[in-house]
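Here the structure comes first, spelled out in structure tokens, and everything after it is commentary.
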2 protein chains.
Amino acid sequence: MIYFGDTAHLPYGTKSPATVRKLTVEHLLYLGRRGMKCAVIACNTASAVALQSLRARLKVPVLGVIAPGAREALRRTRNGRIGVIGTATTIASKAYELALRRLDPELKVTARACPLFVPLIEEGLVRHRLARIAARMYLKPLIRAGVDTVVMGCTHYPLMRGVLGKILGPRVYLVDSATAVRLETERKLGELGILRRGQGRGRASFFLTDTGGSFPKVALRFLREAPDRLIQVRV
Amino acid sequence: MIYFGDTAHLPYGTKSPATVRKLTVEHLLYLGRRGMKCAVIACNTASAVALQSLRARLKVPVLGVIAPGAREALRRTRNGRIGVIGTATTIASKAYELALRRLDPELKVTARACPLFVPLIEEGLVRHRLARIAARMYLKPLIRAGVDTVVMGCTHYPLMRGVLGKILGPRVYLVDSATAVRLETERKLGELGILRRGQGRGRASFFLTDTGGSFPKVALRFLREAPDRLIQVRV
């Protein structure tokens, strides 16, 4: 597996759709030239604004996180009221609303951008009072709307599952789009007959546009082991 | 005045020195080709890691924010204990410590990175409880060290002056490096005999590497008027 992290430009969540699209297309074309059997756009912002451009330019299947997350939310909701939280650009793109309404036009969707969550997570403050207060502030309109399902529409947010779950209560289902896209990728590769059937763990390489920043520290929080094989890619 | 905002890559505060240096040199060479009489690196992170590279490459005077801020702190302190707050990269660079100790090796400097301040400010939450709690958390080691002067080592932080002042108390002087560099620029231009002597206000153009993002909204908080003349620069 090649993990490509555009650390020189992150975060994408506050950038314009045109910039995110340009960067994502460049990086995927770069990976395409190195050979790959499938691409997963494991970023909600990039999925929200760049997926169509990417599919038009690449010959391999390209999966985003929006559609799998929306389908999982639809499977889980009982009252048809779904909350979506994400970065400023993901929420402004209305990608989840569109995907959900395409599945069922009757759904009531309440979306909220949560720009403090990413820095709180990257600071390791997910159990701090700051995380609770920020989460209560951001989730208020979702609770008021009576949602029974909330899509964590940013790959960072599952690290805040604890505090989000406590504020929303046990009756609200939290959709982790990462899990949804993992299952979708497995299904897609199986369908195409290109799923790896080997024993043991695969290998991961980390291609970064800036290897000098906080990536190793932040990656440790997600992977629960230090990432090796960091490869600097020219920005 | 040309304001150049690298909005496609911001924030710089979490990137590696090599990346910040590369971007800053590229942008200044671009501005140099358009003609300018003086460059101000109005970003603490870029000043901290890129100033020497820039001075070696440009023929016009290049001013950073670190040295003027350090000199102002030295003028203000009575007990020789100075606090510095800034982004992760600025603090990791130790640029303020070095500048201060070069002025006076006896100074006791306590530095602290405050990665939540920029997103809090960009969200307009400077009067929110979240800002107070984050500030108390970050300032604790400075208060414990008995500092009587604190350098706001990030161009965003003066917007949090209210909450910082309340937590530090009236006996602690807050150095705004923006004011310090403004005075230094005026002095430098006067010395070189190239200070504009016209009546009325100057004109400002805004060159941005991404005009589509939140710049107009955030700029409004700083300028207290909407910025016009936004010009998209190719990233």
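Naming convention: chains lettered A, B, ... in sequence-line order (proteins, then strands); numbering from 1 in each chain.
- Counting heavy-atom neighbours within 6.0 Å of A:Arg127 CZ, excluding the residue itself, gives a total of 12 or less.
- At least one side-chain heavy atom of A:Pro119 sits less than 4.5 Å from a side-chain heavy atom of B:Pro119.
- Across every non-hydrogen atom of A:Lys15 and B:Leu10, the tightest pair is NZ-O, 3.2 Å.
- Rounded to the nearest 0.5 angstrom, B:Arg129 CZ and A:Met137 CE are separated by 10.5 Å.
- For B:Ala18, no part lies under 4.5 angstrom from a heavy atom of chain A.
- For A:Leu125, the part sitting under 4.5 Å from any heavy atom of chain B is the side chain, from C-beta outward, and nothing else.
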Exercise. Are B:Thr19 and A:Thr209 close enough, and set up right, to give a side-chain contact (heavy atoms from CB on, under 4.5 Å), and what steps lead you there?
Worked result: CA-CA 9 Å; B:Thr19 297; A:Thr209 51; over 6 Å; no
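- With a 6.0 Å radius and a threshold of 12 heavy atoms from other residues, nucleotides or ligands, A:Arg57 has its CZ atom at or below the threshold.
- Within a 6.0 Å sphere centred on CZ of B:Arg229, heavy atoms belonging to other residues, nucleotides or ligands number more than 12.
- By the 6.0 Å contact criterion, OH on A:Tyr3 is open, its count of non-hydrogen atoms from other residues, nucleotides or ligands being 12 or less.
- Taken to the nearest 0.5 Å, the CG atom of B:Leu116 stands 7.0 Å off from the CG atom of A:Leu116.
- Put simply, SG on B:Cys114 and CD on A:Glu123 are 8.5 Å apart, with the number rounded to the nearest 0.5 Å.
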